[in-house]
Amino acid sequence: MPEPVDAVEMRTALAGLRRTSGLPVAFGGLLSDARHARIAELDGARTGALRGLVISAGSGLGGKAIALARPCAVTDYPVSRHISHEYDTAVAAEGLRSVVAVPVVVRRTVRGVLYGALRTPVSLGDRTFDAAVAAARDVEQALAVRDEVRELLALTREQAAACPGTAPGAWEDVREAHRELRALAPRVADPALRDALLAVCGRLASASGARATPAAAMEVRLAPREVDVVACVAAGATNAAAARQLGLRPETVKGYLRSAMRKLGARTRLEAAVAARRAGLLP
């Protein structure tokens, strides 16, 4: 099965590209290795000719975009002299003429390619280019978040395993990793990856030396966003900084913090952090 960022985020980006640009056809896929992308998602296609097509770096319009790591376009694909024509049969079957291809680039590495196309040979304007680039950026962000989560998961699983013998000074690293993971969780599209992330957060939160009794932990029920805010506050973040980290408005952070403090029986931010740790909600 394709991973959600491929099947869901790519599909969402292509639908957005068609909606914002007015292009009748959009399609794309991620690279399977350093030089090959497979067209896995189609939006607006009349045939299945493009589905599963493997694009090699340097070949055709998409291959050119992959090789150059920048957007490329042609006004009339079948007769363009600026690209090679390995994929003309599939393109002709779909009746495509004007086409734009935009690479998906994460950390300076091309990870995929998105296309938008017309069935008439007309010059594509700035609005179309901007929409195609914006769609690629959406996929790039999703991939970057997934990469970061996986890296943090690998790190924090190691930390969680080592927690029983962790030196006191090392707990700050554990707490920072916990906060970062909590902040990333709402941005993860893959449910399985998000559940794995939150499970690791739970392991980190329950691994500290000063743990609450089961009864005490059951007495405190914070909403996920309340835990996120308290985790930021415990790391010394201001409301404004917590808002930036969590993608929330400062007023929203204040509301979550106020609610969390009431549930924790805390009068100050410090008391809230201490109470959350005693309840097993934070490491």
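None of the values given here were measured: they were computed from a predicted structure.
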Report task. Taking all heavy atoms of Gly29 and all of Ala37, pick out the closest pair and write down the distance. Result -> O-CB, 4.4 Å
Requested in this report: To the nearest 0.5 Å, tell me how far His85 NE2 sits from Leu61 CG.
Outcome: 10.0 Å
Query raised in the report: Hey, are the side chains of Leu124 and Leu23 touching, using non-hydrogen atoms and a 4.5 Å cut-off?
Result: yes
Query raised in the report: Do Arg127 side-chain atoms and Thr20 backbone N/O form a donor-acceptor pair below 3.5 Å?
Result: yes
Requested in this report: Would you indicate whether the side-chain heavy atoms of Ser56 and Tyr87 approach each other to under 4.5 Å?
Outcome: yes
Query raised in the report: Honestly curious: do Leu50 and Val100 fall in one hydrophobic cluster under the side-chain, below-4.5 Å linking rule?
Result: no
Query raised in the report: Backbone N or O of Val122 within a donor-acceptor pair of the Thr120 side chain at under 3.5 Å?
Result: no
Query - Thr75 side-chain N/O to Ser98 backbone N/O, donor-acceptor pair under 3.5 Å - result: no
Report summary line: CG of Leu114 to CD of Glu41, rounded to nearest 0.5 Å, is 10.5 Å
Report summary line: Looking only at heavy atoms, the pair that brings Arg249 and Ala243 closest together is C-CB, 3.9 Å
Query raised in the report: Heavy-atom count around Arg225 CZ within 6.0 Å, excluding the residue itself: above 12?
Result: yes
Report task. For the pair Arg119 (side chain) and Glu94 (backbone), establish whether a donor and an acceptor sit closer than 3.5 Å, ignoring hydrogens and angles. Result -> yes
Requested in this report: Could you tell me whether the side chain of Leu248 reaches within less than 4.5 Å of the side chain of Tyr256, counting heavy atoms only?
Outcome: yes
Query raised in the report: Does Arg111 use its side chain to pair, donor to acceptor, with the backbone of Val105 at less than 3.5 Å?
Result: no
Requested in this report: Please say which of Val113, Val104, Ile66 ends up in a side chain to side chain contact (heavy atoms under 4.5 Å, CB included) with Leu31.
Outcome: Ile66
Report task. Please round to the nearest 0.5 Å and tell me the distance separating atom CD1 of Ile39 and atom CE of Met10. Result -> 8.0 Å
Requested in this report: Could you tell me whether Glu251 and Lys254 make a salt bridge, using a distance below 4.0 angstrom between a side-chain N and a carboxylate O?
Outcome: no
**Report entry** Considering all heavy atoms, the nearest Gly60-Ser84 contact
**Finding:** N-OG, 2.8 Å
**Report entry** Verdict with supporting geometry, Leu246 and Thr252, side chain to side chain contact (heavy atoms under 4.5 Å, CB included)
**Finding:** CA-CA 10 Å; Leu246 299 174; Thr252 304; over 6 Å; no
Report task. Give me the one residue out of Val99, Leu118, Leu96, Leu14 that meets side chain to side chain contact (heavy atoms under 4.5 Å, CB included) with Val25. Result -> Leu96
Query raised in the report: In this structure, are over 12 heavy atoms from other groups packed under 6.0 Å from Asp33 atom CG?
Result: yes
Query - Worked check of side chain to side chain contact (heavy atoms under 4.5 Å, CB included) between Leu222 and Leu264 - result: CA-CA 9 Å; Leu222 297 189; Leu264 291 165; 4.2 Å; yes
**Report entry** For the student: nearest non-hydrogen atoms of Pro24 and Ala117, plus distance
**Finding:** CD-O, 3.2 Å
Query raised in the report: Any sub-3.5 Å donor-acceptor pair from Glu271's side-chain atoms to Arg267's backbone N or O?
Result: yes
Query - Heavy-atom pair with the smallest gap, counting every atom of Val110 and Pro103 - result: CG1-CB, 4.2 Å
Query raised in the report: Side chain of Glu9, backbone of Asp138: donor and acceptor closer than 3.5 Å?
Result: no
Query raised in the report: More than 12 foreign heavy atoms under 6.0 Å from CZ of Arg258: is that the case here?
Result: no
**Report entry** Leu42 reachable from Tyr77 in the ILVMFWY side-chain graph, under 4.5 Å edges
**Finding:** yes
Query raised in the report: Does the His82 side chain pair with the main chain of Ala73, one donor and one acceptor, at a distance under 3.5 Å?
Result: no
Report task. State, to 0.1 Å, how close Val253 and Ala242 come at their nearest heavy-atom pair, and which atoms those are. Result -> CG1-CB, 4.1 Å
Report task. Starting at CG of Asn239, measure out to CZ of Arg244 and round the result to the nearest 0.5 Å. Result -> 11.0 Å
Query raised in the report: Are Phe27 and Ile83 connected, step by step, through hydrophobic side chains (Ile, Leu, Val, Met, Phe, Trp, Tyr) whose heavy atoms are closer than 4.5 Å?
Result: yes
Query raised in the report: Val74 and Leu53: same hydrophobic cluster, using ILVMFWY side-chain contacts below 4.5 Å?
Result: yes
Report task. Give a yes or no answer on whether the side chain of Lys263 reaches the backbone of Glu226 with a donor-acceptor pair at less than 3.5 Å. Result -> no
**Report entry** Close side-chain approach of Tyr115 to Val91, heavy-atom, < 4.5 Å
**Finding:** no
